[in-house]
Amino acid sequence: MKGKKYLHAAAFLCIITLVSGYPVYSQQLSNSLYLQNELNSTRLTLKSETPFNVIHSFYSTGPDSRIVLELDMLPSDLNLQADLSNSTLIRDIQAVHRETTKPIILIDLNQKMPYTVFNKGKSVVIEINQAQAHLENYPLTEENRKKIQKGMGSSVYLRDIKVSEGDQKIDIKAEVPDSSVPNVFVLENPLRLVVDLHNTLTAKSSFSRSINKYGIIELRTGQFQVSNPYTIARMVFDLKEPVFYTLDQEEDSLNISFYKNQEFTLAEPAPEEPPVSETLEEEPSSKNGSPQDSVPKAEENHTEENNTLKTNGDAASSAPQPQQLQYEPQIIADTETKYSGQLISPRFKDAELRDVVFVIADIAGLNVIFDPDVSGTVTCDFTDIPWDQFLDVILKTNKQGKSIEGNVLRVAPMAVLTREQEEIQKLSDSQELAGPVIVQTFTLSYSKADEVQSLLSTKISSRGEIIVDNRTNTLIVSDVREKMSLIEKLIDVFDTPTPQVSIEARIVEATSRFVRNLGVQWGWQGIADPFYGNQTTLQFPNKILVDGAQIPVGMTTKGIGGPLGGYGINLPSPEFNTVLGFSLANIADTFRLDLAISALERSGTGRIISAPKITTQNNQEAEIIQGRQIPVQTVANFTVTTRYVNAALELRATPQITAEGTIIMNIEIQNNAADFSNLVNGIPPIIRQSAQTTVMVPDGGTTVIGGIYRTEDSITREGIPFLHQIPILGNLFKSFARTKENRELLIFLTPRIIR
């Protein structure tokens with residue numbers, strides 16, 4: 001498979017080959033210009049060694065038939081000087097340099113026609129559709145039209161359409177002479193491929209045929225135009241998805257083939273005919289005329305403005321990333337019934353079932369055969385229902401069934417069809433069991449062989465076997481051919497690379513602390529004694545000692561000792577680093593006053609940022625730990641057991657990537673720390689901070705999965721009862737302490753898909 005080029009049906013792809021009767025004339029006008037003339041089109045190729053692109057194209061306003069190409073740049077080696085005297089369509093071509101805007105190329109034509117521009121690397125192709133010009137050579141007069149309708153002039157008559165189904169394609173053969181000029185275009189919403197046969201009349205007023213295969217829903221034909229000045233017979237293919245097709249015209253037929261959706265190998269194009277890879281847009285042209293009632297309304301208002309054909313040039317820019325493709329649903333086996341037939345509005349009352357089926361078969365273009373036991377009546381009133389769905393409904397109502405083989409519709413009772421299906425299934429099973437067994441090996445790159453084996457075990461036949469070679473991660477599968485294709489598809493789905501996710505966590509811990517302490521200590525001592533000559537005049541008490549100092553033996557309870565060893569009012573601050581003391585006495589030291597004020601004010605802030613980062617595969621748990629382990633010993637039955645407790649930063653994450661590109665994560669984060677300031681039997685307690693949650697985050701987005709905000713504000717007062725309440729003086733009988741602490745913990749999480 002490697003080394004070949006493939007054309008993918010990412011947009012609407014088409015290849016049109018006109019086999020006979022269409023001569024091609026090519027000539028090289030200069031080293032940059034190539035001209036190719038065909039019966040229905042003229043192709044002009046501009047080549048340069050420098051890549052350039054057409055960013056806009058249009059017909060200039062005014063009477064001149066001039067195509068204007070606006071370029072992103074004008075290569076210096078682009079030589080547009082050429083002799084166009086032999087060209088019947090192109091009169092002149094020139095380049096115009098503009099200082100303020102983009103450069104342009106002007107192409108003068110003899111008349112306005114639909115055109116298409118292709119950008120391809122170092123080449124630009126302008127293809128001019130001359131179908132309208134050739135149509136003027138085949139005017140259909142009223143006399144000729146009457147002769148055709150009478151059976152004369154059959155050379156411009158669409159006589160019949162045949163549909164044949166092959167192994168990988170469906171062929172549609174329209175019996176029409178080569179004098180009929182085809183024009184192919186695409187309509188959207190809904191998606192349709194339209195083939196207009198100019199100068200042609202249809203044998204029937206209308207024709208429809210249900211196909212429902214290879215992306216084709218239905219084929220419809222009708223007379224789109226009968227005069228003014230030529231006839232147009234129209235073939236419409238209703239599509240449910242972009243398809244690959246070819247169109248060949250022979251002497252007496254027009255052959256259209258639709259292929260099964262798959263990759264096609266195309267030959268390399270000739271140098272003078274660069275391959276098409278960009279979006280094609282045709283300029284407007286005149287209307288074809290008024291349609292007839294036989295043509296469906298969806299195509300009645302068609303004009304050349306609708307002729308937009310997209311190829312794989314736009315598909316490359318809008319193609320989904322491989323990451324997204326992995327999560328898109330893949331259909332391995334489809335059993336859902338989808339109805340896509342032409343919409344009808346049937347209304348019947350007590351009609352014979354066979355007669356109603358005949359009507360539906362005529363609409364669908366099917367041949368009908370009935371089982372002898374088929375009977376029933378139909379009474380219904382429907383509006384806008386697909387004919388195939390209506391057929392299923394009326395058959396189920398009458399306990400009948402159907403089978404369609406090619407263009408033959410068979411109607412029989414359910415029991416008959418069920419019995420036939422059972423016999424066919426038995427035959428298929430017996431053929432499967434009797435068929436040869438194929439042995440094939442699959443070496444897996446991204447999945448474990450034993451895991452894939454368990455997934456495939458239910459899909460093999462009774463003769464199948466799956467063996468795992470763990471050494472080379474290989475599956476050895478033996479089974480019949482019919483099962484092997486399904487196993488190959490499943491292995492392609494399972495053995496795909498698993499994307500990885502990088503998870504970055506940021507744990508921010510911020511603290512602030514403020515402490516303010518204020519305390520007072522004071523005492524006094526007074527002596528009245530004859531020794532100092534200040535005794536009282538009384539016999540009793542003649543001597544007085546007033547002692548307001550706390551003087552314990554050998555120590556003070558708290559605060560500072562002071563000159564006398566203590567204070568009577570002893571209310572220092574709980575914690576201090578500054579003391580201001582006073583000691584006052586008279587000259588004889590018979591009265592003294594000692595005072596000490598202790599104070600402390602302290603503030604601080606802190607921030608701790610932890611940023612663990614880990615990478616893991618999709619749906620696989622990852623773990624990262626950083627920190628210390630605390631040994632804890634326990635004694636039981638004279639046995640000392642030591643175990644270790646984590647006091648660390650831990651991150652555990654299991655990511656799951658969704659189809660939309662978001663990430664669902666099961667997260668567990670712990671930020672534990674040992675508190676060595678509060679040891680218990682020599683073992684520090686563990687301060688725990690943790691969060692466990694499941695969140696969904698965009699790729700590269702950040703979310704806060706946890707936040708703890710803790711505020712502590714404490715005030716402590718000590719004082720002497722009643723006295724501390726005295727205004728102003730009460731401050732001598734009390735102490736004050738305040739502690740204010742804020743602690744904040746935030747956990748940020750940012751996952752990124754590694755592509």
Side-chain angles (χ1 to χ4, degrees), residues 511-606 675-682 684-685 710-743:
T511 60
S512 63
R513 183 180 177 87
F514 175 78
V515 177
R516 175 178 290 171
N517 295 337
L518 184 63
V520 62
Q521 294 175 273
W522 61 280
W524 66 94
Q525 188 179 57
I527 301 175
D529 191 277
F531 178 79
Y532 296 99
N534 62 345
Q535 70 275 13
T536 66
T537 58
L538 301 176
Q539 182 67 30
F540 177 84
N542 182 259
K543 293 190 302 181
I544 299 175
L545 174 62
V546 180
D547 193 351
Q550 182 185 21
I551 308 175
V553 178
M555 61 175 292
T556 58
T557 57
K558 58 182 180 178
I560 63 175
L564 300 178
Y567 299 95
I569 306 300
N570 192 37
L571 297 172
S573 61
E575 185 180 1
F576 57 88
N577 57 9
T578 300
V579 176
L580 180 62
F582 299 92
S583 182
L584 307 175
N586 58 7
I587 192 171
D589 199 21
T590 58
F591 180 80
R592 62 183 298 123
L593 177 65
D594 295 328
L595 176 66
I597 300 175
S598 56
L600 169 69
E601 182 169 313
R602 181 170 58 206
S603 63
T605 59
D675 185 7
F676 291 97
S677 61
N678 298 298
L679 299 177
V680 178
N681 296 328
R710 181 172 178 265
T711 299
E712 180 181 347
D713 192 355
S714 62
I715 298 176
T716 303
R717 292 185 177 91
E718 293 184 355
I720 299 175
F722 306 114
L723 297 180
H724 76 280
Q725 298 177 353
I726 300 174
I728 302 177
L729 294 178
N731 292 324
L732 297 175
F733 302 96
K734 63 182 179 182
S735 65
F736 172 86
R738 179 172 187 174
T739 301
K740 187 175 183 180
E741 183 176 6
N742 295 329
R743 184 180 298 271

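In what follows, every heavy atom counts, from backbone to side chain, and hydrogens, waters and symmetry copies are set aside. All residue numbers refer to positions in the sequence shown, counting from 1. Here the structure is a predicted model, which is why all the values come from computation and not from measurement.
- A donor-acceptor distance shorter than 3.5 angstrom exists from the side chain of Thr536 to the backbone of Pro541, with no hydrogens or angles considered.
- Counting heavy atoms from C-beta on, the side chains of Ile597 and Trp522 never come closer than 4.5 Å.
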Residue pair Ser573, Leu518: steps toward the side chain to side chain contact (heavy atoms under 4.5 Å, CB included) verdict: CA-CA 5 Å; Ser573 61; Leu518 184 63; 5.7 Å; no

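- Using modelled atom types, one side-chain atom of Asn534 and one backbone atom of Ile527 make a donor-acceptor pair closer than 3.5 Å.
- Open room surrounds CZ on Phe531; 12 or fewer heavy atoms of other groups in view lie less than 6.0 Å from it.
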Residue pair Phe514, Glu601: steps toward the side chain to side chain contact (heavy atoms under 4.5 Å, CB included) verdict: CA-CA 8 Å; Phe514 175 78; Glu601 182 169 313; 3.9 Å; yes

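- Annotation: side chain of Val515 is not in contact with side chain of Glu741 (no heavy-atom distance under 4.5 Å).
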Side chain to side chain contact (heavy atoms under 4.5 Å, CB included) assessment of Leu545 paired with Gln525: CA-CA 7 Å; Leu545 174 62; Gln525 188 179 57; 4.3 Å; yes

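- Gln521 places a side-chain N or O within 3.5 Å of a backbone atom of Ile560 that can act as its donor or acceptor partner.
- The nearest pair of heavy atoms linking Tyr567 to Leu595 is CE2-N, 4.2 Å.
- The two residues Leu600 and Asn577 make their nearest non-hydrogen contact at CD1-ND2, 3.1 Å.
- The two residues Arg592 and Pro563 make their nearest non-hydrogen contact at NH2-CB, 3.9 Å.
- Of all non-hydrogen atoms in Arg513 and Thr739, the two that sit nearest each other are NH2-CG2, 3.9 Å.
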Test side chain to side chain contact (heavy atoms under 4.5 Å, CB included) applied to Phe733 and Val520, step by step: CA-CA 8 Å; Phe733 302 96; Val520 62; over 6 Å; no

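- Among all heavy-atom pairs drawn from His724 and Ile720, the shortest one is ND1-O, 2.9 Å.
- Residues Val546 and Ile544 approach most closely at CG2-CG2, 3.8 Å, considering heavy atoms.
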